[in-house]
Amino acid sequence: MFAEKMKHAYPDSGFPGWFTVEKIDNTTFAISEYKHWEETHSYLLIGAREALLIDTGMGIADISGVVRSLTDKPVTAIATHVHYDHVGGHWQYRDSFFVHPAELDWITGSFPLTNEQIVGFLTEQPCEFPMGFAPEKYRMFSGPPKKLVRDGDFIGPSDRPIQVLHTPGHSPGHMCFYDPEHRYLFTGDLIYWGEFFLYYPSTDPVAYRESVKRLAPLSVERLLPAHHGLAITPEIIPEVEAAFDSLAARNLLKHGAGRFTYGKFSMHI
Ligand SMILES: [Zn+2]
Ligand SMILES: [Zn+2]
């Protein structure tokens, strides 16, 4: 069920073989960066006349070359949130990307980490950086968005409306995206297999819990996270919700509370 893997070499990406494309269905593709420890996934949703790119990857190689090999439709980019590993390819979409107002300052130059700190994350191991990639030249994208989007808005192709859910906690303007026709839920950095980051000053453990609770009533056929295993299933949502409930009951939803492990996911608060 997890689609044929298409391991094309993408001459236009700058670094052939950096991206892996997986077909979720005929009009939905995961574009992944498995050679980096973050195992980032961006998603291309193709409609009749337009396409939507959810996240643009790490910016190590040029994702737009891969996108162009999959669609010739005009593409709008939207990041689940403004972290370097989700807006890395935005420079190819600088006239056509949307952002949540809570992270407008981050995308326009006031991100709370220095470029040095960002490169520090980027160069953590394991990573097989492509030959010729120069981390010291890496710069996080910044620029003005075409439009601000808010909770409840619909974005994407006109024949495939995608609902915006403002889900703060991992970051203030984090968004999940729901495709009601396919019942796909794009969870960004809110839910994936791995460690949830809840200890940065810009994270909010209480808001995180509320955001997870908002996902619980949705009818979800396929959960599509921004990192790690794509075999993840929607059953994880109530598990994460229960974990947050138990931490809240013990008054542990505050920074410095510690690390908590639950099977396929953990929380660093
Ligand atoms: Zn993030
Ligand atoms: Zn991320």
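One-based numbering, in listed order, for ligands and for the atoms of each.
- Taking the six-membered ring for Trp, His227 and His86 have ring centres closer than 6.0 Å.
- Looking only at protein N/O/S atoms, the ones less than 2.8 Å from the Zn ion (ligand 1) make 4 in total.
- The residues Asp245 and Arg250 are annotated as not salt-bridged, no charged nitrogen and carboxylate oxygen being separated by less than 4.0 angstrom.
- The distance between the ring centers of Phe186 and His41 does not fall below 6.0 angstrom.
- If you look at Phe196 and Phe265, their ring centroids are closer than 6.0 Å.
- Note: Phe97 and Tyr93 fail the aromatic proximity criterion, with ring centroids not under 6.0 Å apart.
- No donor-acceptor pair closer than 3.5 Å links the side chain of His166 to the backbone N or O of Val149.
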